[in-house]
Amino acid sequence: MNAEDTGREGVAGGSTLLSEAREAGRERPYAEGDPILEVRGLVKHYPLTRGILFKKQIGAVKAVDGVDFDLAAGETLGIVGESGCGKSTVAKMLVHLEPPTGGVIRYRGEDVTKLSGRALRAVRRNIQMVFQDPYTSLNPRMTVGDIIGEPYEIHPEVAPKGSRRQKVQDLLDVVGLNPEYINRYPHQFSGGQRQRIGIARGLALNPEIIVADEPVSALDVSVQAQVVNLLDRLQAEFDLSFLFIAHDLSIVRHISDRVGVMYLGRIVEIGTDEEIYDHPTHPYTQALLSAVPVPDPTAREHRERIILHGDVPSPANIPSGCRFRTRCWKAQERCRLEVPLLAVPAVFRDSETPARHDSACHFAEEKQVVPHEGLRETPAEDEGPSSPSSSPFSSSSPSDEGPPPSPSPGRDDRSAEGPGLG
Amino acid sequence: MLLEVRDLHVEFHTRDGVAKAVNGVNYSVAEGETLAVLGESGSGKSVTAQAIMGILDMPPGKIRGGEIFFRDRDLLKLKPEERRRIRGQEMAMIFQDALSSLNPVLSVGQQLGEMFVVHRGMSRGDAKVKAIELMDRVRIPAARQRVGDFPHQFSGGMRQRIMIAMAMALEPSLIIADEPTTALDVTVQAQVMDLLAELQRELNMGLILITHDLGVVADVADRIAVMYAGRIVETSPVHEIYKAPAHPYTKGLLRSIPRLDQKGQELYAVKGLPPNLLHIPPGCAFHPRCPMAQAVCRTDVPPLYTVDEERRSACHFWKETLDER
C-alpha cells in the first residue's frame, strides 16, 4: 500500500472530476491574459497610538503604501522582497484577512473591498490562500478530512453533504497524498506532506486565484522541489492564477511569468521574469539579485556584488522622495525631493530592449548582475510538461513513521525518466 | 590539523525509542580553512557541532563513541573545567537565532564585556572599552552610544554582528557557525557573510559553517562535508563537488534547486522524505530515495570510498555516479 501507486491514477481521475464541477459552477468569460485581478493604490496603514485612556494617533506603520498590479487569468505573478516590505500584508488584503486602509482590489472588474455578506462570500470562494508554515496553519485537533472539507461548511453549494468525503479524497489524490489518510491528524505527516494538505484545502472550492505566501520556505531543500513542481502542475491542470510571494529569488523565477519587486510597502520594479532577472533597471533589484548566493563556486571570482549598507528603514518613518535613497549608491538631491513613479523610465521609452519595463527610479539604468555561466546543463528535453508520468513530484513516501518502503520497480522507472539521474 | 572528529556517535533517548542522530562522523578542519557542513534538518549537522563545543544536552543526548581531537587533545576525555576553558577562548560558536541566543535583560555591552571579565579577569570598566572596540570591529555604527542598548533594540543583522563579535572576542582558533545567516534577508546575509569571511582571514581561524544553503556554501567554503541521516556521505573540495558530485544525494540536491540565471523546466525532485532517525533504513540510509539503488544498498552500509586524494563518497556506486552526467 503506498501513496505513489494510487497517486498517479488518481491525478487524472480527480482532476477531471474537479474541473467538471468547476465548469458547471460558473462560466468563464475571461480568456487567458485578461486581468482577473486589478490592484490599484492599495494601502495598509497600522495606526500608532499613544496614551491608554485617551488614545491619540501619533503616526502610522505604512506596511503597504500604494501598490498597483494586474494578475492575468492563468498567470503566475511572483512578489519578492525582504522581510517587512509588505508582501505578506498584500496577500492578506487580497484574501480579506485584513481590510485595506485605501485603494481598490477589482476581481473581474468589481471592487471587492466594498463588498460584504453574500457577495463577499462568493468572491472569497474564488480567491484562496496557501500559508507559509505547514506546522501552525493546520488545526492539530482536526483530521485531514475535516481540514480539507471545512471550506464546504461555509460554501455548501460547492459540495453537497453526501459527496464531501469523496471530494476530499479526490483532493488528496490530486496533491499526491494517499486518499486513505483522510482520518489522520496533521502531526502524522511530515512538513512537505502538510504543505500538500494546505494546498488541497486551498483547492477545495475550485478557486480561480491562489495566493501562496512563502509556501515552500519552511521545507527542506529536497522536499521544496517536490512542492514547487506540484504547484506548477496544479496551475496548468486547473487553470489557476497564482500570486506567489517569496523571498527566495531563484524559486520565484522558476515559477513566475512576471515578477514584482517590493521595497518598503511599494513595488519598485515589475516585469517578466527575463526583464527583471536579466535586465534589471532599479538599483534595489540589482542589489537584491547580486546578493543571492549562487550555487556555483566558479562564480566567486567573476561576480560583482553590490553590498547595500545599513538596514531597511522603519515603515513608520519612511524617507521622503524615493524610499530606497537612504541605501542607494546613486542617490542625488532629486531622489530626496521627488517620488519616482512606477513606469517605464524615460531613457528606455523609445528602446525595444527588455529594459523597457516599469521601474520606479529617477536614474534607472540596465545592469547585468546575475552570472550566466551555469555549471549544470539545462534540464533534459525529453521531460515535456505533456508527460505527467515523468513528473517526480508524486514520490512522497506514504508515511513518515517507520522506514520508507523499499522502492518498487514502478517507482524506479519514474525517477529514471527524470532529468539525468537514472 | 586544528580539529579532527573521528567516528563520532551520538544518540538521543526519547519516549519513542533511541534516535540515532550521529552515526560515525569523520571530518577535520585546518587553520584558516572553511569547512561547510551541508545537510537537511535531522541530518545530524548541528548535533555534531554541539558535541564538539560540549554543549550537547545530556541527557537525553549521549555520546556513544568516537573521538574529537582539538590541537591533539581528545576533548571527550577532558574534565568539565578544562573544556570550559577551551570554550570561548579557543573555540566559539555562532547560532542561527541571535535574538534567542542573547540575554534579553543584559545590555549588549555587558554581554560582550563578560567574556573579558570571566576569561581575562578584567575590570568592568576595561571590559566595556573592549566591548566598544569589538562593536566597532564588526561595524556597528555609533558603537559608543549603543553599547548600553539591549538586544531587542538592534535589527536582525546587527544582532548577528553582535553574536559574531562575541564569538571573536577572545580570538579563538576555531569558530562554528550554525546557520548564521538563515534568519536574515539576502542583502543583510551578504553583509554578514562578508564580515565573517574577513575576520576569519584576519585571525586565520578554522571555520565550520553549518548550512543547508548550497549557494552560501559555493560562495565561501573551501571544503564540503555532506551529511545524511547522521553520516557523512561525501566530502570534497568545493569546486569539484559542484562540477561532478560523487554521491546521488548530493547530485539530487544540486539538481533540485532552481537557478537564478535560467527559467528551467520542471525541477528535479529527490523523491521521498528524509529518514526518521528512530528507524534509519538498513544498508545505505539513502537507498529508499536513491535512483541508483541496487540490492547491495539495502544490506551493506557503504564505507567512505576514496574517490581521489581529497574526495570521499559513501556510495557503492560512486564511480557510476561520477561518470554519469
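- Shortest non-hydrogen contact noted between B/A218 and A/D296 is CB-N, 3.3 Å.
- Of all heavy-atom pairs spanning A/E82 and B/D185, the tightest one is OE2-CB, 3.1 Å.
- A pairwise comparison of heavy atoms in B/L273 and A/S190 identifies CD2-OG, 3.4 Å as the closest pair.
- The minimum heavy-atom distance linking A/Q226 with B/V270 is given by the pair NE2-O, 2.6 Å.
- With a 4.5 Å cut-off on non-hydrogen atoms, A/I307 touches chain B through its side chain but not through its backbone.
- Residue B/D16: no heavy atom, backbone or side chain, is found under 4.5 Å from chain A.
- Proximity to chain A is absent for every atom of B/L278, based on heavy atoms less than 4.5 angstrom apart.
- Heavy atoms of B/V186 lying under 4.5 Å from chain A belong to its backbone as well as its side chain.
- With sequence neighbours excluded, the residues forming a ring pair (Phe, Tyr, Trp, His ring centres under 6.0 Å) with B/Y228 are B/Y249, B/F286, listed by chain and number.
- When each of B/Q189, B/M193, B/Q191 is scored by its heavy-atom pairs under 4.5 Å with chain A, the top score falls to B/Q191.
- Interface residue A/D220: backbone and side-chain heavy atoms are both found under 4.5 Å from chain B.
- Taking the side chain to side chain donor-acceptor pair (under 3.5 Å) definition, one finds that A/T76 meets it with A/Q235, sequence neighbours left out.
- For A/L289, the parts sitting under 4.5 Å from any heavy atom of chain B are the backbone and the side chain alike.
- Between chain B and the options A/D232, A/V228, A/D273, A/L249, heavy-atom pairs under 4.5 Å are most frequent for A/D273.
- The residues A/R305 and B/D219 are annotated as salt-bridged, a charged nitrogen and a carboxylate oxygen being separated by less than 4.0 angstrom.
- For the options A/G192, A/S250, A/A291, heavy-atom pairs under 4.5 Å to chain B are most numerous at A/S250.
- Residue A/Q224 does not touch chain B at all, counting heavy-atom pairs closer than 4.5 Å.
- Counting only distance, with no hydrogens or angles, the side chain of A/N229 and the backbone of B/L267 share a donor-acceptor pair below 3.5 Å.
- Of all the heavy atoms in B/V238 and A/P297, the pair that sits closest is O-CG, 3.7 Å.
- When every heavy atom of B/G215 is checked against every heavy atom of A/P293, the shortest pair comes out as C-CB, 3.2 Å.
- Of the two parts of A/V221, the backbone and the side chain both hold a non-hydrogen atom closer than 4.5 Å to a non-hydrogen atom of chain B.
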